[in-house]
A.B. asks: 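There's a structure below that I have some questions on.
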There are 2 protein chains.
Amino acid sequence: MRIFVVILLHMHNRKNYICTECNHCSIRQDSIFDALNPEEVTQLEKEKSHLVFNYGELIFKEGQFPSGMYIVTKGKVKVSKFGFEGREQIMRFAKEGDILGYRAMVSEEQYSCSALAVTETQLCFVSRKFINQAIRNNPDLGFNFMKLFARDLKIAEEKSLQLAQKTVRERVAESILILAEVYGLEKDNSTLKIILKRDEIASIAGTVRETATRFLSEFCDDNIIIMDGKKIKILDINRLSKKANSSF
Amino acid sequence: MRIFVVILLHMHNRKNYICTECNHCSIRQDSIFDALNPEEVTQLEKEKSHLVFNYGELIFKEGQFPSGMYIVTKGKVKVSKFGFEGREQIMRFAKEGDILGYRAMVSEEQYSCSALAVTETQLCFVSRKFINQAIRNNPDLGFNFMKLFARDLKIAEEKSLQLAQKTVRERVAESILILAEVYGLEKDNSTLKIILKRDEIASIAGTVRETATRFLSEFCDDNIIIMDGKKIKILDINRLSKKANSSF
DNA sequence: ACTATAGTGTGATAAAAATCACAGTGTATT
DNA sequence: AATACACTGTGATTTTTATCACACTATAGT
């Protein structure tokens, strides 16, 4: 009986899929693929495949060899590395329009991060072969890739600076700001649109669960945020930014 | 009198300059510019300019706008960001053959790091305009850039993981290994080829001078390294790797 | 509705790292 | 040779953070 329900759900998702043709796909138009001409878009449409992942499913795993890359069309994805003793470090979050796995694809190496769906997620997969050919035909696509790399590299270096020089309190505050920045807020204009475990918030900030919990409690006591289970509501973003010592 | 000596020294350096013509320049051949055809090399040779920096001189500074990028032909360069209250965080070191400032050039933004010569350093400067044109003419150059980006992005993410999850002791040990990796060892096969202040070693490891000093002293007491002033000699690289909990 | 099970909050304690203070050392300048 | 200045080493102390322990809460599966 349950299986049947799952199938229905799946069909429902497929019906809801927003990106049936690349031609009019707003996600493509807002992505690095804005550089493609109509003919190239047609080829992309033939070439790409469409994938659905449920909450908690692994999209790719550190150590696997990539054969292409993904563009997120719906949902939220957590990208993380696992350090000594398997401790997770969250590197970034991806959402609609973001590109995943292109670093490993370009360097023709194993994935250096894992990607996990943190909501139901839909992606288009495009093969390395297609990308390489497309860049050769259309240098603007190459430039777009380079700009994407440049942006991500800047973010990664900024992250190093923060990890090296900020206190844990600042990093926990910053983590909430990052989540608000990436995924935005509910209609109430204060509740984070993503739900994470304390573990995961700790992994963004580069600390342990207990310590993250303590600082979150502190921010609650200070009336800077309110927590309702795993939901986080930002009451005073200015004071939160101050706690983070942040540029947001 | 002293000024005269400096001038002589300078002439000496110019005579010693190894990269007079790009055509046979081994640094070019081992770099992303290996993709250029003879005609493109000729253009590069006309276009590029050659610069010399002394110890301690700034090559570019966080916040400036780039108009091109640099390739190091001789010397050692420290690339760092300055965090809250001006505390330095060393992001990486560059040497012969390494490319500097290309991230900011590509994203057409301000430099996000500063680059400082830590020995006498020579560089070739190439304008953004030339690079853009060259990539359009020759997609392989674009692919080389992308691979360079991919490599640097991977290193940056690895750095974040280390900063987030390793202890300071491990990071200090790792810093010495990184310096050995990047700049190599003297003929004695144990002394680091670069001389840094304690402050700077601390900035690589993401800690403060006193703490870095203490761990270096500890490694000395353990007969893992020997320090003679600022010179560092590695006695037992295996045990140093163990201290770093490292993959080197 | 009832168990498992996974996740959370918090006190107590230990460990790690930063800060402060200051003496000592080396190095460049006059 | 004397002075100034930048750099270094180290003890004492404080602050920050991790670890351990355990009770409590929510949630999914039966």
Side-chain angles (χ1 to χ4, degrees), chain A residues 1-3 5-6 54-56 83-89 116 118 162-175 194-222 225-232 243-245, chain B residues 1-3 5-6 54-56 83-89 118 162-175 195-222 225-232 243-245:
Chain A
M1 181 58 189
R2 195 155 41 79
I3 293 164
V5 174
V6 170
N54 295 316
Y55 167 81
F84 189 60
E85 288 174 342
R87 190 173 140 198
E88 180 179 28
Q89 173 67 27
L116 194 118
V118 288
Q162 315 252 320
L163 285 167
Q165 300 201 351
K166 284 193 170 177
T167 64
V168 174
R169 175 182 286 100
E170 289 168 332
R171 271 145 42 198
V172 171
E174 180 94 30
S175 299
I194 187 171
I195 288 179
L196 294 176
K197 291 177 240 173
R198 295 286 179 269
D199 276 342
E200 292 175 308
I201 294 175
S203 293
I204 308 171
T207 183
V208 293
R209 181 186 61 82
E210 296 95 319
T211 304
T213 299
R214 273 183 247 273
F215 286 123
L216 289 173
S217 300
E218 184 191 298
F219 301 156
C220 279
D221 293 347
D222 294 350
I225 62 170
I226 289 181
M227 291 185 299
D228 172 19
K230 290 192 192 103
K231 278 188 193 164
I232 294 176
K243 286 263 183 192
N245 221 318
Chain B
M1 182 58 189
R2 195 153 43 78
I3 291 166
V5 173
V6 168
N54 295 315
Y55 167 81
F84 188 60
E85 288 175 341
R87 191 174 139 197
E88 179 178 30
Q89 174 67 26
V118 288
Q162 314 252 322
L163 285 167
Q165 299 200 351
K166 284 195 169 177
T167 63
V168 175
R169 176 182 287 100
E170 289 168 333
R171 274 150 35 202
V172 171
E174 181 92 30
S175 300
I195 288 181
L196 295 175
K197 291 176 240 175
R198 295 286 179 269
D199 275 340
E200 292 175 307
I201 294 175
S203 293
I204 307 171
T207 183
V208 294
R209 180 187 61 84
E210 296 94 318
T211 305
T213 299
R214 273 183 246 273
F215 286 122
L216 289 175
S217 300
E218 185 190 300
F219 300 157
C220 278
D221 293 347
D222 294 351
I225 61 170
I226 290 181
M227 291 186 298
D228 171 19
K230 292 191 189 104
K231 278 189 193 163
I232 294 175
K243 287 264 182 190
N245 220 319

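Naming convention: chains lettered A, B, ... in sequence-line order (proteins, then strands); numbering from 1 in each chain. No hydrogens, no waters, no symmetry mates; every other heavy atom, side chains included, goes into these values.
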A.B. asks: Output a table of nitrogen or oxygen pairs between the protein and nucleotides 13-15 of chain D separated by less than 3.5 Å.
C.D. replies:
none

A.B. asks: Nearest 0.5 Å please: distance from the CD atom of Gln162(A) over to the CG atom of Asn245(A).
C.D. replies: 9.0 Å

A.B. asks: In whole angstrom, give the distance that lies between atom CG of Asp228(A) and atom C1' of dT8(C).
C.D. replies: 14 Å

A.B. asks: Could you check how far CG of Leu163(A) sits from C1' of dT17(D), rounded to whole Å?
C.D. replies: 15 Å

A.B. asks: Using a 4.0 Å heavy-atom cut-off, write out nucleotides 5-12 of chain D from 5' to 3' as B (base contacted by protein), S (sugar-phosphate only) or - (no contact).
C.D. replies: --SBBBBB

A.B. asks: Tell me every residue that passes side chain to side chain donor-acceptor pair (under 3.5 Å) with Arg214(A), counting only those two or more places apart in sequence or in another chain.
C.D. replies: none

A.B. asks: Round to a whole Å and report the spacing from CD of Glu170(A) to C1' of dT17(D).
C.D. replies: 14 Å

A.B. asks: Quick one: NZ on Lys230(A) to CG on Leu196(A), what's the gap to the nearest 0.5 Å?
C.D. replies: 9.5 Å

A.B. asks: Output the distance between atom CD1 (Ile232(A)) and atom CD1 (Ile226(A)), rounded to the nearest 0.5 Å.
C.D. replies: 12.0 Å

A.B. asks: Take the protein atom CD of Glu85(A) and the nucleotide atom P of dT19(D), then report the distance between them rounded to whole Å.
C.D. replies: 9 Å

A.B. asks: Under the side chain to side chain donor-acceptor pair (under 3.5 Å) rule, collect the residues that match up with Thr167(B), sequence neighbours excluded.
C.D. replies: Glu170(B)

A.B. asks: At what distance, to the nearest 0.5 angstrom, does CZ of Arg171(B) lie from CD of Gln165(B)?
C.D. replies: 11.5 Å

A.B. asks: Rounded at 0.5 Å granularity, tell me how far CE in Met227(B) sits from OG1 in Thr213(B).
C.D. replies: 7.5 Å

A.B. asks: What is the minimum heavy-atom distance between Leu216(B) and Ile225(B), and which atoms define it?
C.D. replies: O-CD1, 3.8 Å

A.B. asks: What distance separates Thr207(A) OG1 from Ile201(A) CD1, expressed to the nearest 0.5 Å?
C.D. replies: 12.0 Å

A.B. asks: Calculate the interatomic distance between Ile195(A) atom CD1 and dT27(D) atom C1'; express it in whole Å.
C.D. replies: 13 Å

A.B. asks: Tell me: CD of Glu200(A) to C1' of dA6(C), nearest whole Å?
C.D. replies: 13 Å

A.B. asks: Indicate yes or no: at least one non-hydrogen side-chain atom of Lys243(B) is less than 4.5 angstrom from one of Asp222(B).
C.D. replies: yes

A.B. asks: Quick test of your reading: applying salt bridge (charged side-chain N to carboxylate O under 4.0 Å, His left out), list the pairs with at least one residue in residues 194-207 of chain A, sequence neighbours left out, ordered by first then second residue.
C.D. replies: Lys78(A)-Glu200(A)

A.B. asks: Taking CD1 from Ile232(A) and P from dT8(C), how many angstroms apart are they, rounded to a whole number?
C.D. replies: 10 Å

A.B. asks: Find every protein N or O atom lying less than 3.5 Å from an N or O atom of nucleotides 14-16 of chain C, and list the pairs.
C.D. replies:
none

